[in-house]
Amino acid sequence: MTEFEIFKKCVALGMTKAGAAGCTANILAESGGKPNNVEDRSTMSDEEYTAAVDSGSYDGFVEDRLGYGLFQYTLPSRKEKYLAYFQGHGVSIGDANTQFYFAAKEMREDYGFVWNVLTHTNDPYEAAYVMCMKFERPANAEVSADRRGNQAKEIYERCASAGVEKVYYNPQKMIDWGYSQIGYHEKETNDQLEDFTANAGDQNWNKYAAYLDSLPGFYNGKKNIGPYGMWCDIFYDAGMVICYGREAAQYLICQPNNSAGAGCKYSAQYYDAAGRFYRSGPEPGDQIFFGTDWDHVDHTGLVVAVKNGRVYTIEGNTSNMVAERNYALDGGGIFGYGRPRWGNPEDGDAEAPTEDEPAPEKPESPADPAENAYHYSVQLPLVRKGDRNGYVWTIQAILIENGYDCGNKRLFQREKPDGEFGNATEKAVAAFQREHGLIPDGEVGGDTWKVLLCHK
């Protein structure tokens, strides 16, 4: 993979451009950007080693302590998880996309400090340094970290303005986004919507519906409505808007303004009316629909891969969360597939949109019991001890910048936010509140947010 290809992939997975530059520097130092790279101590070539592990003829992958892949996994405990993940997805251990998905998952779950830095920092040197010291941990780590930090600054200068933001209607962008959302859990109440795991419950409150509710006229009514708001289709639609923008998303999924597309059967009907609904032959990026007939389409998801007679998906509102699933292509339950208008009309890769998008014939608007009772408004959440999310990271960054000690690790003689609201952060918040005439309860609610965000 080239420097720019790695950089774009890191941005797609949610890293800042500085974080992406830092991650790119580490990957290039570890493997030269070669997904099937095995440490030189191996008696096999990169291709031979990869093929032998994939076929099962070599069973020493976990214990041989040979670095492998873009990130050069070496430790048996990490290689065991790596192998299980790739086998579970039915792909070669040298598959580049899956390596990124696995690394992002591992960082979110086991290296939260590193993930917080990569997804929040504006300093490419910091990103490379932290990733080297805390995630890669090579020999002579300090020297390597400094070298990679300086390389990250150069990568940032070359890549940050080199067209990463240009929208192409390529399904891979949506697939990358889907993987970045795995593990998000719906909420018990309309609180802490952005956090992946906080306030987990089974009442259907979720950030995807809240986001689309903030776009006037996207749907035919509010959808972040608690128990009434099934959100599997909303998850897919929100991803399309986030990845490609509202206008492009509506063109891609064949839906007009004020659509009934939050309902699975109506969404499928929009594709069908546009001639883009298929009963077989799924492709990555398709929207899969489950059901028995047109009146009973009741679940949907994002197709991420099709191989070995199975279709692999990422779905919202499955077991109350975003999760990976897979199904036999000839199994029961799959009703069909909606195929967005991938490509870019400007490049001649897709048919140009028409002025008036066709809608399903006489679609009945889904019932919306809370339409007149619930009004969504964007608001900052109450943040308190025990929370772990980007809001905590922001609070800590402001406090640290203003001289408060949040009890976190230090880098370059300076405390760094870690996104975890512990005892020290609670004390720092209380101290800030006392000094600004607020109730020193150690929690960041509306009044404290106002002062924090306006404080200089």
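Positions are given from 1 along the sequence. Predicted model, so just to flag it, every value in this text is computed and none were measured.
Looking only at distances, no side-chain donor or acceptor of Asn140 sits under 3.5 Å from a matching main-chain atom of Val143. Between the Glu126 side chain and the Thr121 main chain, no donor and acceptor come within less than 3.5 Å of each other. With hydrogens and angles disregarded, a donor-acceptor distance shorter than 3.5 Å links the side chain of Arg341 to the backbone of Tyr251. At least one donor-acceptor pair closer than 3.5 Å links the side chain of Glu39 to the backbone N or O of Gly67. Checked by atom type and distance alone, the side chain of Asn308 never pairs as donor or acceptor with a backbone atom of Arg310 at under 3.5 Å. When atom types are taken as modelled, the side chain of Glu5 and the backbone of Thr2 share a donor-acceptor pair closer than 3.5 angstrom.
Cation-pi geometry between Arg279 and Phe335 is met: under 6.0 angstrom from the ring centre, within 45 degrees of the axis. With a 6.0 Å cutoff to the six-membered ring centre and a 45° limit on the axis angle, Lys307 counts as a cation-pi contact of Tyr312.
Using a 4.5 Å heavy-atom cutoff, the side chains of Ser280 and Ile334 are not in contact. In this structure the side chain of Thr300 never reaches within 4.5 angstrom of the side chain of Glu315, judged on heavy atoms. Counting heavy atoms from C-beta on, the side chains of Tyr208 and Trp231 come closer than 4.5 Å. You'll find the side chain of Phe7 stays beyond 4.5 Å of the side chain of Arg158, heavy atoms only. Residues Phe289 and Tyr337 are not in side-chain contact: their nearest non-hydrogen atoms beyond the backbone lie 4.5 Å or more apart. Residues Ile175 and Pro284 have side chains in contact (heavy-atom distance under 4.5 Å, counting atoms from C-beta outward). Side-chain atoms of Lys9 and Tyr101, non-hydrogen and from C-beta on, do get closer than 4.5 Å to each other. Contact of the Tyr49 side chain with the Tyr68 side chain is registered, since non-hydrogen atoms from C-beta on lie closer than 4.5 Å.
A donor atom on one side chain and an acceptor atom on the other are found under 3.5 Å apart for Asn190 and Asn224. With no hydrogens or angles considered, a side-chain donor-acceptor pair links Glu142 and Tyr129 at under 3.5 Å. Side-chain contact, Gln72 with Ser31: no donor N or O sits under 3.5 Å from an acceptor N or O. Between the side chains of Asp176 and Gln172, at least one donor N or O lies within less than 3.5 Å of an accepting N or O. Judged by distance alone, the side chains of Asp233 and Ser267 do bring a donor and an acceptor atom under 3.5 Å apart.
Looking at Asp237, Asn257, Asp213 one by one, the single match for side-chain hydrogen bond (donor to acceptor under 3.5 Å, both in side chains) with Tyr219 turns out to be Asp237. The ring pair (Phe, Tyr, Trp, His ring centres under 6.0 Å) test with Phe235 singles out one residue from Tyr184, Trp177, Tyr211, and that residue is Trp177.
In this structure, Trp294 and Phe277 have tilted ring planes: the angle between them lies in the 30° to 60° band. Ring-plane geometry between Phe61 and Tyr82 is classed as tilted, the angle between the planes lying from 30 to 60 degrees on a 0 to 90 degree scale.
In this structure, Asp286 does not pair ionically with Arg276, as no charged nitrogen and carboxylate oxygen lie closer than 4.0 Å.
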